[in-house]
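In this text, all values refer to a predicted model and were calculated from it rather than measured experimentally.
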Amino acid sequence: MYTVYVYVLDTLADWELGHVASELNSGRFFKKDAPCVTLKTVSCSREPVVTMGGMKIVPDCITADIEVSEASVLLLPGADTWNDPRHRAVLEKADRLLAVGAAVCAICGATATLAGYGLLDNRPHTSNGPGFLEMFVPEYKGQGFYVDMPSAADNNLITAGSAGALLWAKQIIEYLGVFQEDTLDAWYGYFSTGRPEYFFALMQSLPSGGEN
């Protein structure tokens, strides 16, 4: 069983979480023997946050509630408010999670926050393009580990730029092992191209003709 903690903060970029949160929460394309996945929104306090799209989210729990365990997954979306010192606590949790082998998945501005905390200095990672992290994080030292791709997976660290949300979702789903391989390939093919043959391949890959 996995607990996926989705960190929420004011101005978070709604689209970056759309694919991964929807699929992990609904389980609509999960394989029959998929591990159980529970999603929880988490923040620095229990106060509601407002996303970039104007959606109001009331967190399920606070940062201190994140269990440091291999069965935990932490999703960190981009936002314009990461420089608020209240978010340092989740970076400390991210550091501890990576140390025990749990997954930390960051996209867009959250990658800069990880870089500022030193968590990208020695592991392959990506962000919003070469030079982005240096621009916003003068102390960044991970240039030699930068991967110029929309999303990059290094075992339990999965990072992406703001335009890499779909591939980021694919890599997170693959890490969790909740889709069959052919389902995941067809899912990614359909949502990245819109071609109908991928949609039919996706439906045909599901257990019992599309029922979980």
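Trp15 belongs to a hydrophobic cluster whose other members, connected by ILVMFWY side-chain contacts under 4.5 Å either directly or through intermediates, are Met52. Met149 belongs to a hydrophobic cluster whose remaining members, ordered by chain and number, are Val147; membership requires side-chain heavy atoms of ILVMFWY residues under 4.5 Å apart, directly or through intermediates.
For Tyr140 and His125, the gap between ring centers is short of 6.0 Å.
Evaluation of the salt bridge (charged side-chain N to carboxylate O under 4.0 Å, His left out) test over residues 128-153, restricted to residues two or more places apart or in two chains, returns none. Here ring-ring contact (aromatic ring centres under 6.0 Å, His included) pairs that include residues 34-89, with residues two or more places apart or in two chains, are Tyr7-Trp82, Tyr7-His87, Trp82-His87. Annotation: salt bridge (charged side-chain N to carboxylate O under 4.0 Å, His left out) contacts involving residues 158-180, sequence neighbours excluded, are absent. Residue pairs meeting the side-chain hydrogen bond (donor to acceptor under 3.5 Å, both in side chains) criterion with at least one member in residues 91-106, sequence neighbours excluded, do not occur. Listed by first then second residue, pairs satisfying salt bridge (charged side-chain N to carboxylate O under 4.0 Å, His left out) with a partner in residues 44-54 read Arg46-Asp65, not counting sequence neighbours. Listed by first and then second residue, the salt bridge (charged side-chain N to carboxylate O under 4.0 Å, His left out) pairs involving residues 67-86 are Asp84-Arg86 (not counting sequence neighbours). For residues 93-119, the set of pairs meeting the ring-ring contact (aromatic ring centres under 6.0 Å, His included) definition, not counting sequence neighbours, is empty. Counting only residues at least two apart or in different chains, ring-ring contact (aromatic ring centres under 6.0 Å, His included) contacts with residues 32-72 are absent.
Donor-acceptor pairing under 3.5 Å is lacking for the side chains of Ser205 and Asp182. Remark: the Trp187 side chain and the Glu23 side chain contain an N/O donor-acceptor pair separated by less than 3.5 Å. Between Thr81 and Asp10, the side chains place no donor N or O within less than 3.5 Å of an acceptor N or O (distance only, hydrogens not considered).
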All N/O donor-acceptor pairs, side-chain side in residues 152-165, below 3.5 Å, sequence neighbours left out:
residue : atom : partner : partner atom : Å
Asp154  : OD2  : Arg123  : NE           : 2.9
Asp154  : OD2  : Arg123  : NH2          : 3.2
Asn156  : OD1  : Arg123  : NH1          : 3.4
Asn156  : OD1  : Arg123  : NH2          : 2.9
Asn156  : ND2  : Leu98   : O            : 3.4
Asn156  : ND2  : Ala102  : O            : 2.7
Thr159  : OG1  : Thr126  : N            : 2.9

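Residues Leu91 and Thr113 meet the side-chain proximity criterion, which asks for heavy atoms closer than 4.5 Å. With a 4.5 Å cut-off on side-chain heavy atoms, Val90 and Cys44 do not count as touching.
One N or O on the side chain of Tyr146 and one on the backbone of Ser127 form a donor-acceptor pair closer than 3.5 Å. Remark: the backbone N or O of Phe179 is not paired with any side-chain donor or acceptor of Thr183 at under 3.5 angstrom. No donor-acceptor pair closer than 3.5 Å links the side chain of Ser22 to the backbone N or O of His19. Between the Ser72 side chain and the Val68 main chain, no donor and acceptor come within less than 3.5 Å of each other. Remark: the backbone N or O of Asp60 is paired with a side-chain donor or acceptor of Thr41 at under 3.5 angstrom.
Applying the 6.0 Å contact sphere to CZ of Phe199 captures no more than 12 heavy atoms from other residues, nucleotides or ligands. Sparse packing is recorded around CD of Glu181, with 12 or fewer heavy atoms of other residues, nucleotides or ligands lying under 6.0 Å away.
Atom CG of Leu17 is separated from atom CG of Leu24 by 10.5 Å, given to the nearest 0.5 angstrom. In this structure, Tyr2 OH and Ile172 CD1 are separated by 12.5 Å, a value rounded to the nearest 0.5 Å. With rounding to the nearest 0.5 Å, the separation of CG in Leu119 from OG1 in Thr111 is 11.5 Å. Residue Leu206 holds its CG atom at 12.0 Å from CZ of Phe30, rounded to the nearest 0.5 Å. A distance of 10.0 Å separates CD in Gln171 from CG in Leu184, rounded to the nearest 0.5 Å.
Shown here are the side-chain hydrogen bond (donor to acceptor under 3.5 Å, both in side chains) partners of Arg88, two or more places apart in sequence or in another chain: there are none.
Placement of Tyr190 and Met203 within a single hydrophobic cluster is found when ILVMFWY residues are connected by side-chain heavy-atom separations under 4.5 Å, directly or transitively. Residues Ile62 and Val6 do not share a hydrophobic cluster, clusters being chains of Ile/Leu/Val/Met/Phe/Trp/Tyr side chains in contact below 4.5 Å.
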